[in-house]
Amino acid sequence: MNDYLLLFHGGGPEDAGLSAEEMQQIMMKWSRWTTGLRDAGVFKGGEPLEREARTVSPDGSVKDGPFAESKELVGGYVMVAAASMDEATEHAKQCPILSTGGYVEVRPVMDITLPPIDGHVSPCPE
Amino acid sequence: MTESGNIHRLVEGFFRHESGRLVAALTRVFGIRNLDLAEDVVQTSLVEALETWSLGGVPDNPSGWLFRVARNRGLDALRREGNAARLAPDVAALWGDDVVSAFDEFALEGEIPDAQLRMMFACCDPDLPSRSRVALTLNTLCGFSPHEISAAFLSVDEAVRRRLTRARKRLRDRGDVEVPVGEALRPRLDDLHQVLYLLFNEGYNSSHPDQLIRKELCQEAVRLCQLLTQHPVCATPASWALLALMLLHAARFDARVNTDGDVVLLADQDRRRWDRGLIAAGLRALERSACGDDATPYHLEAGIAAHHCLSPSFEQTDWRIILQHYDMLMARSPSPVVELNRAIVLAELRGPDQGLRAIHAITDVDALADYPYLGATLGQLHLAAGDPERARAWFLRAREQTESPTQRHLLDRKLRRTLN
């Protein structure tokens, strides 16, 4: 199993002119999705992100922004455990952001543990 | 991170309910001419809740959370827009530039329920056309979407949208408008009754595909109507009659749906499941409504509901008295829907042919062209009259017109009966 980061781009409700009822429906969809991931034991955390942003440049200058287009903006992330990129992608396909015009970027988290040595059984620690 | 599964803790219609309350509270501070500003602030707050709660989970006190966000966004808006100039005249007179105090004084949580009713009166501005007043109030304070309003008015979404835009613009252009108090409420009471009636009705016969009954809307309507009956100016016979009507219908909630979620028609309902307490409360309200010399449509409809509630079985229903009520309703406020219901009563009393004849005689039958109950009724009467072919055609048409799976289910059951 490896960890995969699902990044949510766009799909924010701000300009869609949704009714209160529709907003609650969307929230229920998210809840069902994350509950499903939890029940499957693959949910490794996730959080929404504030829109506020700052950029620090190599010359040491600090600016507000980037003010990405709202359809590009990363609005949050979820980390899932999956056996393969394909399996992680299947989880992403169920993400409610897709029904509100956003998209999901799936990125494997790099495995930084020591790779096993082929043909060699590691000795048990004393 | 909290467990986001707890979103399911949020009651059905929570956002809708809160948005009505918050718009009312903010409009109290901003004044009715800034209704659009209040709505923007509330919309922003709901979006913030949606974004935060979807992944972060619902906070322990979701109402309080929303209120606080709305309060802060409201203050932001006031600062941005030039403080006192944006306040309601009476609020500005009291607090001047001290918008924070003004805000906390007038928008405190405890004051909201009352404020919601006050704002409903404010939205029912006699300067607007009658339909616009009701539509605007349903939209801003009861959280109705244009689609739900058009279903209630037998109108189309686009027309409702245009109507709402015009109404908002008119209020904005009007300048200072006081929120009515005391005797000034009386001329607006008819509109308020209509709003609450439609609110209850949307709950009782939901225009939403998956829900037949939305109790929370009915409860909200009952609660607000009860507030009317406790108000010295608003406790009119019509207010009591409307309350009676709601309670007597609410008494039949549980018997109206079976365990599979299918609708159970009056004839087939298990009357033991009717809520005796609500029936008694409804009858008491009806008694209170019986003064003065004006039998309003609410009196008549409540009277009909009371007769159903008091009849020991469907077979023992006193259709003669119910028909008299419909005749009076037709004299008092004729509408194609009333005529259709009257035809159903006629059919019970004098047979399906008489019912069919009455339907064909409906003056403005075109208004019912998209109304699924017309097809359902015609199907039922043709079936009873021994004409399964025609019955089938009408049931099929009604089935095409309804979005509700429960209604479709019911029509499917009826369609099967046309084959036997």
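Just so you know, these numbers use all the heavy atoms, side chains as well, and skip hydrogens, waters and symmetry mates. Note that the coordinates shown come from a computational prediction; the quantities given were computed from them, not determined experimentally. So that the names make sense, note that chain A is the first sequence line, chain B the second, and so on, each numbered from 1.
Expressed to the nearest 0.5 Å, how far NE2 of B/H147 lies from OG of A/S19 amounts to 11.0 Å. In this structure, the separation between CD on A/Q25 and CG on B/L50 is 11.5 Å, given to the nearest 0.5 Å. Atoms CE and CH2, from A/M23 and B/W53 in turn, are 11.0 Å apart once rounded to the nearest 0.5 Å. To the nearest 0.5 Å, atoms CD (B/E51) and CZ (A/R51) are separated by 4.5 Å.
Using a 4.5 Å cut-off between non-hydrogen atoms, no part of residues 82-97 of chain A approaches chain B.
Within the 4.5 Å cutoff, the side chain of B/E18 has no heavy atoms near those of the A/Q24 side chain.
Environment of CD in B/E158: crowded, with over 12 heavy atoms of neighbouring residues, nucleotides or ligands closer than 6.0 Å. Environment of CE in A/M110: sparse, with no more than 12 heavy atoms of neighbouring residues, nucleotides or ligands closer than 6.0 Å.
For B/F14, the parts sitting under 4.5 Å from any heavy atom of chain A are the backbone and the side chain alike. Looking at A/F8, the atoms closer than 4.5 Å to chain B (heavy atoms on both sides) all sit in the side chain, from C-beta outward.
The ring pair (Phe, Tyr, Trp, His ring centres under 6.0 Å) search around B/F200 returns B/Y204, not counting sequence neighbours. For B/Y197, the ring pair (Phe, Tyr, Trp, His ring centres under 6.0 Å) criterion is met by B/Y298, not counting sequence neighbours. The side chain to side chain donor-acceptor pair (under 3.5 Å) search around A/R107 returns A/E105, not counting sequence neighbours.
Nearest heavy-atom pair, B/L55 versus A/Y77, reported as atom, atom and distance to 0.1 Å: CD1-O, 3.9 Å. Considering all non-hydrogen atoms of both residues, B/Q43 and A/L18 come closest at NE2-O, 3.0 Å.
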